[in-house]
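Chain naming here is simple, since letters A, B, ... match the order of the sequence lines and numbering starts at 1 in each. All values derive from a computational prediction rather than experimental measurement.
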2 protein chains.
Amino acid sequence: MPKELDAKEKILEAAKGIFYKKGLGGARMAEIAEEAGINKAMLHYYFSSKEQLFETVFEEAFHKIIPSIISVLNSEKPIREKIEEIADFYITTLSANPQLPVFVLNAIQYDPERFLGKFMKNKQMSPQAFMGKLMQQFQQEIQEGKLPPVDPRHLIINLIGLSVFPFMMKPMLKIMMNMDDESFHDLMESRRELIPRFLLDT
Amino acid sequence: MPKELDAKEKILEAAKGIFYKKGLGGARMAEIAEEAGINKAMLHYYFSSKEQLFETVFEEAFHKIIPSIISVLNSEKPIREKIEEIADFYITTLSANPQLPVFVLNAIQYDPERFLGKFMKNKQMSPQAFMGKLMQQFQQEIQEGKLPPVDPRHLIINLIGLSVFPFMMKPMLKIMMNMDDESFHDLMESRRELIPRFLLDT
DNA sequence: ATTCTAATTAACTATTTGGTTAAACCATGC
DNA sequence: GCATGGTTTAACCAAATAGTTAATTAGAAT
């Protein structure tokens with residue numbers, strides 16, 4: 001009986017598309033059902049409520065862009081490598097799915113408690129402990145002269161901002177800079193090496 | 001008869017708060033009316049529909065963050081100054097209103113045609129012509145050795161990203177980096193000079 | 001005072017929406 | 001066969017929602 005997964009998958013795919021675009025409040029269950037090519041009652045067969053369906057979609061999106069970079073930052077590699085990997089990861093992930101970050105940030109803005117609560121607990125490491133360890137690594141590598149002496153907090157913010165923000169601005173950038181999808185893609189590709197170089201080469 | 005402006009202003013203020021948080025679909029007209037301390041029918045007395053009210057709020061938000069930087073970029077100052085002014089402008093504006101960029105980008109993601117259309121026309125200069133002029137200035141200043149030889153497109157993307165993105169991430173950053181509002185504010189203040197230095201000093 | 005117009009409200013309506021129900025469908029094991 | 005269990009559907013329902021109406025208030029002009 002492979003039908004269950006089939007239908008559930010179709011629902012999630014449709015829900016993703018519509019929630020990404022319209023958010024929790026703007027999406028209609030009937031619309032999701034239609035997009036998935038099934039009956040409206042089927043949604044409630046697999047997902048008890050709109051909220052639950054949304055949370056499922058959100059969790060998938062969130063896990064696509066947050067835990068990955070935490071595990072990279074949490075690894076034993078040198079900072080340089082971590083930075084390269086993260087920029088690389090975001091450019092790959094967001095090239096395939098540019099709406100992801102606006103969707104996630106919007107949900108968080110809508111109800112921070114709810115959509116960041118999981119993030120706090122869920123992790124194997126508390127954000128604080130994890131950041132502490134990372135700060136230590138920064139200090140050490142700076143002392144060893146492997147890194148320019150910058151505030152690690154700024155470096156991380158800059159790294160993520162430089163990697164993620166262009167995709168959020170994609171529609172506007174395409175207009176302002178007169179680009180089509182292909183030239184936008186090329187511009188993002190060139191950032192794979194630009195970002196680490198920019199962040200680390202004084 | 002100053003009551004008209006009073007009521008209209010109260011409505012817009014309430015609508016802003018609720019649309020910023022919940023978006024077009026998530027906001028309820030009754031909720032906005034209550035928040036404004038007036039009757040639901042008053043909304044439709046001053047604004048014909050929910051959509052029109054939303055567009056009014058959107059337009060105000062949009063004009064708060066886009067035309068300002070265009071007019072700076074469009075001025076006759078040297079690039080260095082333009083960059084300093086824009087970073088400064090965003091940090092001031094978004095410190096007072098961190099939800100602004102997520103709100104605007106979300107609306108654009110929801111219906112790009114509709115919410116970027118105005119941007120295209122409305123301007124005194126077409127984005128293309130305007131960018132063309134700017135690119136020329138970049139080339140010239142680079143030739144004169146006043147600027148490091150970087151791709152101007154990347155420079156602009158980086159400038160806006162470094163200035164705006166931290167405010168979008170504010171809730172997450174506060175948790176990850178264990179900051180309260182005050183220390184977040186301090187961190188952002190330090191970016192006023194960090195961003196131009198970072199962008200321009202090779 | 002009276003008229004006129006803009007502001008304001010309570011009550012109402014038509015529609016949309018999330019969610020339910022009870023019956024039908026269909027594969028599998030016996 | 002047929003009983004069983006998960007799957008799917010059409011029809012239905014109650015609540016919520018954007019928008020309307022028609023009546024009321026209050027202030028200004030005459």
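For E31(A), the side chain to side chain donor-acceptor pair (under 3.5 Å) test picks out K22(A), with sequence neighbours left out.
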Legend entry - nucleotides 18-23 of chain C: protein proximity per nucleotide (B base, S sugar-phosphate only, - neither; heavy atom, under 4.0 Å): BBBB--
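A straight line from CD of E31(B) to P of dT17(D) spans 9 Å, rounded to a whole angstrom. Rounded to whole Å, the distance from CG on L53(A) to P on dT17(C) is 16 Å. Taking atom CG of residue D6(A) and atom C1' of nucleotide dT8(D), one finds them 14 Å apart after rounding to whole Å. Following rounding to the nearest Å, E34(A) (CD) and dT17(C) (P) show an atom-to-atom distance of 12 Å. For the pair Y46(B) OH and dA18(D) C1', the interatomic distance rounds to 20 Å; values are reported in whole Å. The distance from atom CE of M42(B) to atom P of dA6(C) is 14 Å, rounded to the nearest whole Å.
R191(A) places no side-chain N or O within 3.5 Å of a backbone atom of D186(A) that could act as its donor or acceptor partner. A donor-acceptor pair under 3.5 Å links the side-chain atoms of E141(B) to the main chain of I79(B), judged by distance alone. Side chain of Y90(B) to backbone of I65(B): a donor-acceptor contact under 3.5 angstrom is found.
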Inset, instruction - Carefully, step by step, assess E60(B) and K64(B) under the rule salt bridge (charged side-chain N to carboxylate O under 4.0 Å, His left out). - result: CA-CA 6 Å; E60(B) 193 193 310; K64(B) 227 180 263 179; 3.6 Å; yes
